[in-house]
Amino acid sequence: MSGFVRRIPEGDHRERMVCADCGHIAYENPKVIVGAVVVADDRVLLCRRAIEPRRDYWTLPAGYLELGETLEEGAIRETWEEAQARIELDGVLGVFSISRIGQVQVMFRARFSPSSAGPLFAAGAESLEVGQFAWNAIPWDSIAFPSTRWALNAWRRSGAGPLGAPAGNPPEDPRGTRPPGDSIGPPTVARE
């Protein structure tokens, strides 16, 4: 940022990018990620990534919230872009902090919009393929991100009933500092 210097503004306690001429502070804040755990017949929709990071790994349909969107609109858009699926949201399933990369992820539990043909989906531009997986068939060794596992665990715990309080980071990674690939094996969450 031309003309900006890194310093602690008056009345603040963190270094920020500040315009050397006018004093404008360019705050650098976390990005919001929105997505959905889309479920039908006790199977979850996953997308195999066509882009980096983690190309060829499986994830949930999710991505950056755009300016002017609500959280819900963003989750619905991302699911369409990545999995060509029309969905309806049940509610917030989990809110996860990924401090390592400055993200807050808001994941919804969702279902496919009603269709006489059943669940409709196809790979979008950012997906190599998409598919529905029963819990025991999820490709756990090829899951892209720790937060994907967290959201899948939250789905498993929530069942099909009413949603309670949203899930958060697991105790072993409360700040979201573990990098992708640092998870060991499939989760061992039993349905409650």
Side-chain angles (χ1 to χ4, degrees), residues 32-49 54 57-63 65 70-98 103-124 127 129-176 178 180 182-192:
V32 177
I33 305 299
V34 290
V37 179
V38 184
V39 180
D41 300 321
D42 211 31
R43 298 185 325 159
V44 64
L45 180 68
L46 294 176
C47 306
R48 192 161 64 93
R49 293 177 59 81
R54 309 290 285 170
Y57 284 81
W58 292 91
T59 191
L60 297 163
L65 183 68
T70 66
L71 295 170
E72 295 84 357
E73 290 166 345
I76 290 168
R77 176 188 50 77
E78 283 291 340
T79 302
W80 174 254
E81 287 178 1
E82 295 185 9
Q84 301 293 287
R86 300 281 184 211
I87 62 169
E88 296 177 7
L89 304 177
D90 293 336
V92 176
L93 180 65
V95 178
F96 306 111
S97 297
I98 317 296
Q103 291 182 356
V104 175
Q105 298 186 2
V106 180
M107 300 302 292
F108 290 85
R109 187 178 73 188
R111 60 194 179 291
F112 291 96
S113 295
S115 165
S116 60
L120 300 174
F121 55 87
S127 300
E129 64 179 306
V130 294
Q132 288 183 284
F133 296 85
W135 182 258
N136 292 333
I138 293 172
W140 294 109
D141 291 340
S142 298
I143 294 295
F145 309 108
S147 57
T148 303
R149 290 176 181 275
W150 303 344
L152 289 169
N153 282 329
W155 161 62
R156 182 71 171 182
R157 285 190 306 270
S158 75
L163 288 169
N169 289 40
E172 64 272 12
D173 197 6
R175 297 191 69 246
R178 287 187 176 175
D182 194 22
S183 299
I184 301 172
T188 56
V189 175
R191 181 167 308 265
E192 296 177 0

Could you go step by step and tell me if Leu65 and Leu71 meet the side chain to side chain contact (heavy atoms under 4.5 Å, CB included) rule? CA-CA 7 Å; Leu65 183 68; Leu71 295 170; 4.0 Å; yes
Can you tell if the side chain of Leu60 reaches within under 4.5 Å of the side chain of Leu152, non-hydrogen atoms only? yes
Taking all atoms of both residues into account, what is the closest heavy-atom pair of Arg49 and Ala144, and its distance? CD-CB, 4.0 Å
Keeping to residues at least two apart or across chains, list the salt bridge (charged side-chain N to carboxylate O under 4.0 Å, His left out) pairs with something in residues 70-81. Glu69-Arg77, Arg77-Glu81
In short, Phe145 meets Pro180 closest at the heavy-atom pair CD2-CG, 3.9 Å
Distance in Å, Trp135 CH2 paired with Arg156 CZ, rounded so as to fall on 0.5 Å steps: 6.0 Å
Between Ile87 and Ile76, is any pair of side-chain heavy atoms under 4.5 Å apart? yes
Partner residues of Gln105 under the side chain to side chain donor-acceptor pair (under 3.5 Å) criterion, sequence neighbours left out: Gln103, Ser147
Do Trp155 and Leu93 have side-chain heavy atoms sitting under 4.5 Å apart? yes
Suppose we screen for side-chain contact (heavy atoms from CB on, under 4.5 Å). Which residues come up paired with Pro174, at least two apart in sequence or across chains? none
Heavy-atom check, side chain of Glu82 versus side chain of Phe121, under 4.5 Å: no
Using the rule given for side chain to side chain contact (heavy atoms under 4.5 Å, CB included), can you reason through Leu46 versus Thr59, listing the C-alpha separation, both sets of side-chain angles and the distance that settles it, and then say yes or no? CA-CA 6 Å; Leu46 294 176; Thr59 191; over 6 Å; no
State which residues pass salt bridge (Lys or Arg N to Asp or Glu O under 4.0 Å) with Asp90; sequence neighbours excluded, sorted by chain then number. Arg109, Arg111
Take Trp140 and Trp58 through the test ring-ring contact (aromatic ring centres under 6.0 Å, His included) and record every step on the way to the result. CA-CA 9 Å; Trp140 294 109; Trp58 292 91; over 10 Å; no
Name all residues meeting the ring-ring contact (aromatic ring centres under 6.0 Å, His included) criterion together with Phe108; count only those two or more places apart in sequence or in a different chain, and write none if there are none. none
Looking at side-chain heavy atoms only, is the closest gap between Ile143 and Ile138 below 4.5 Å? yes
Output all residues satisfying side chain to side chain donor-acceptor pair (under 3.5 Å) with Arg54, sequence neighbours left out; order by chain, then residue number. none
State whether the side chain of Thr79 and the backbone N or O of Ala75 hold a donor-acceptor pair below 3.5 Å, judged by distance alone. yes
Residue pairs meeting salt bridge (charged side-chain N to carboxylate O under 4.0 Å, His left out), one or both in residues 164-175, sequence neighbours left out, come to none
By side-chain contact (heavy atoms from CB on, under 4.5 Å) - contacts of Ser97 (at least two apart): Asn169
Go through the structure and list residues passing side-chain contact (heavy atoms from CB on, under 4.5 Å) with Ala40, not counting sequence neighbours. Phe112, Pro119, Gln132
Student check: side-chain heavy atoms of Val34 and Val32 closer than 4.5 Å: yes
If you look at every heavy atom in Ala122 and Val130, which pair is closest and at what distance? C-CG2, 3.5 Å
side-chain contact (heavy atoms from CB on, under 4.5 Å) against Ala62, all qualifying residues, sequence neighbours excluded: Ile33, Met107
Glu129: which residues meet the side chain to side chain donor-acceptor pair (under 3.5 Å) condition with it, sequence neighbours left out? Arg48
